[in-house]
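Shown next, in structure tokens, is the structure this report addresses.
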Amino acid sequence: MQSKTITHPSSRAVASLVAQVGFASWMLCVPPAVASPAGAAAAALALPAGCGSATATSARRIAAAAGKGAAFEASALRIQLPLDATGHPPSFAAAALHVASHGAETGPEALERASTAAGASLLIALTGTGRSKCPADALQAASYPVVDGLLRGGGYLATWQDVALRGTAGHVLARRMQLRLDGAGGAAADAPVHMTLSLDGITGTLTPPTLLPEHLSVSATLPASSLPTLLSAAGGAAPDARIPVTIDDISMSRGSATLHGTGTANAAATPQDSSAEIHLVAHAFDALVNEAALQDMTRVHAALFLSRLMARQAGANLEWQLKYGAGLLSVNDVPIPLR
């Protein structure tokens, strides 16, 4: 869904983040309510058969009480896919997870199912696992209670602490990942859902080397009815999905460099089938170009340098108009090869 040449995160990666934004965990500071007994031993979480495994310790399923929504929280969350071609299982982990609803009657068990299914979908998409054995209907079914809550005008908040995503290309860490998901209300299937995801303290090592943003936030709007399809598409189980997304804001920063974007997109299961039009504005972009050169990241430096040459100057900022579709990218109306 996003610019590859300028920002370097893959379009599928950002689309998957939005997918997890839609269904993973939603955090709300809820005082203790009626909770199931907590245990220190790792226990299996609800995850559709064939998707992999999900475990956590100290899992608590908190019933709604005193005007507060239900919640699910756990420590030492770990989602692991089946072995990949190299014999290493891709994994997603977080030291702590808190998921909660507000203004919706979604129960704690439904929050657990939605968050674990979404975590598996994110992991499948970000690690390039492709078509998985996760059944599309099971992934979609996990999100139906959440969609119902959004159509009723409810919302969800979530936070993951000390996140680690590991795959064959390396690992990405984040000190915190936080999400807000709100429904506008209305029974129509195309009623809008507003999502905001932010990641702070991003670090990691990837092959080939790249410059990761230190902070990333994405705000988007899409029809409530498309959320189940987006979840299964991110997991590689809905190859024919086409989902309209309004990109309200993309914000990335690394050191003094910042990047903001707005636009529209049609998200699909693969970047080749997706399309997007995005307007990007960067400040202190030369700092990224220089950093890539100093770190001997030849390919990254070349891409950033080319992006710099193609930019339009707007005062102290640089601007790009990106169009992506049918596997082709154009920057300010100039076609760019992606291979």
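All figures in this text were calculated on a predicted structure; none of them were measured in a lab.
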Report yes if some heavy atom in the side chain of L77 is under 4.5 Å from a heavy atom in the side chain of L45; otherwise report no. yes

Any heavy-atom pair between the side chains of T262 and D248 that's under 4.5 Å? no

Trace of the side chain to side chain contact (heavy atoms under 4.5 Å, CB included) decision for L211 with R254: CA-CA 8 Å; L211 295 178; R254 180 182 176 91; 3.8 Å; yes

Any side-chain to backbone donor/acceptor pair from N266 onto S274? Under 3.5 Å, distance only. no

Are R61 and E112 ion-paired here, with the side-chain N under 4.0 Å from a carboxylate O? yes

Check whether any side-chain N or O of S75 sits under 3.5 Å from a backbone N or O of S58 as a donor-acceptor pair, and report yes or no. no

Nearest 0.5 Å please: distance from the CG atom of N290 over to the CD atom of Q295. 11.5 Å

Indicate the atoms forming the closest heavy-atom contact of A257 with L288, along with that distance. CB-CG, 3.6 Å

Step-by-step side chain to side chain contact (heavy atoms under 4.5 Å, CB included) determination, M195 to R180: CA-CA 6 Å; M195 303 179 184; R180 184 178 186 92; over 6 Å; no

Spell out, as yes or no, whether a donor-acceptor pair under 3.5 Å connects the side chain of W320 to the backbone of H279. no

Close side-chain approach of T205 to H171, heavy-atom, < 4.5 Å: yes

Following the transitive rule for hydrophobic clusters with a side-chain heavy-atom cut-off under 4.5 Å over Ile, Leu, Val, Met, Phe, Trp and Tyr, establish whether I278 and L306 coincide in one cluster. yes

Is it the case that one hydrophobic cluster holds both Y144 and L151, taking links as side-chain heavy atoms less than 4.5 Å apart, direct or via other members? no

Donor-acceptor pair between S219 and T196 side chains, under 3.5 angstrom: yes

Residue pairs involving residues 147-162 (criterion salt bridge (charged side-chain N to carboxylate O under 4.0 Å, His left out); sequence neighbours excluded): D148-R152

Please report the C-alpha distance between D182 and H194 in whole Å, then the side-chain angles of each, then the deciding distance to 0.1 Å, and finally whether the side chain to side chain donor-acceptor pair (under 3.5 Å) criterion is met. CA-CA 5 Å; D182 291 301; H194 304 289; over 6 Å; no

Report the C-alpha separation of D249 and V218 in whole Å, then their side-chain angles, then the decisive distance to 0.1 Å, and conclude whether the side chain to side chain contact (heavy atoms under 4.5 Å, CB included) test is met. CA-CA 6 Å; D249 181 66; V218 179; over 6 Å; no

Is there a chain of hydrophobic side chains (I, L, V, M, F, W, Y, each step under 4.5 Å between heavy atoms) that links L212 to L294? no

Value for NZ (K323) from CD1 (I336), rounded to nearest 0.5 Å, stands at 14.0 Å

Going through the distances and angles, do E73 and I62 end up as a side chain to side chain contact (heavy atoms under 4.5 Å, CB included)? CA-CA 8 Å; E73 60 184 28; I62 305 170; 4.0 Å; yes

How many angstroms lie between CG in L259 and CG in L318, if you round to the nearest 0.5 Å? 10.0 Å

V245 and A220: which non-hydrogen atoms are nearest, and at how many Å? CG1-CB, 3.8 Å

Check whether any side-chain N or O of R78 sits under 3.5 Å from a backbone N or O of A54 as a donor-acceptor pair, and report yes or no. no

Got a second to check how far T159's OG1 is from L179's CG, nearest 0.5 Å? 9.5 Å

Checking Q313 side chain against G315 main chain: does a donor-acceptor pair fall under 3.5 Å? yes

Taking the side chain as every heavy atom from C-beta outward, state whether T210 and M297 have any atom pair closer than 4.5 Å. no

Under the side chain to side chain contact (heavy atoms under 4.5 Å, CB included) rule, collect the residues that match up with S225, sequence neighbours excluded. A189, P223

Validation row: P208, R299 side chains within 4.5 angstrom (heavy atoms): yes

Indicate yes or no: at least one non-hydrogen side-chain atom of Y324 is less than 4.5 angstrom from one of S330. no

Pairing of R175 and D200 as salt bridge, 4.0 angstrom limit: no

Do L173 and M177 sit in one hydrophobic cluster, given that two such residues count as connected whenever their side-chain heavy atoms are within less than 4.5 Å of each other, even indirectly? no

Does L322 reach the side chain of E277, with side-chain heavy atoms less than 4.5 Å apart? no

Distance-minimising heavy-atom pair for V146 and A114: CG2-CB, 3.8 Å

State the CD-CG distance between E214 and L199, to the nearest 0.5 angstrom. 13.0 Å

If you measure from CG on L197 to CD1 on I250, what distance do you get to the nearest 0.5 Å? 11.5 Å

Would you check if there is a donor-acceptor pair between the side chains of T106 and Y156 at a distance under 3.5 Å? yes

Residues which pass side-chain hydrogen bond (donor to acceptor under 3.5 Å, both in side chains) with D286, listed by chain and number, not counting sequence neighbours: R308

Do you know the tightest heavy-atom contact between A316 and H283? O-ND1, 3.8 Å

V193 side chain near T221 side chain, heavy-atom distance below 4.5 Å: no

Heavy-atom closest contact (H260 atom, S251 atom, distance): CE1-OG, 3.2 Å

Heavy-atom count check: over 12 atoms from other residues, nucleotides or ligands less than 6.0 Å from Q321 CD? yes

Shortest non-hydrogen contact from L222 to P244? CB-O, 3.5 Å

Single-linkage hydrophobic cluster M310~L304, side-chain heavy atoms < 4.5 angstrom: yes

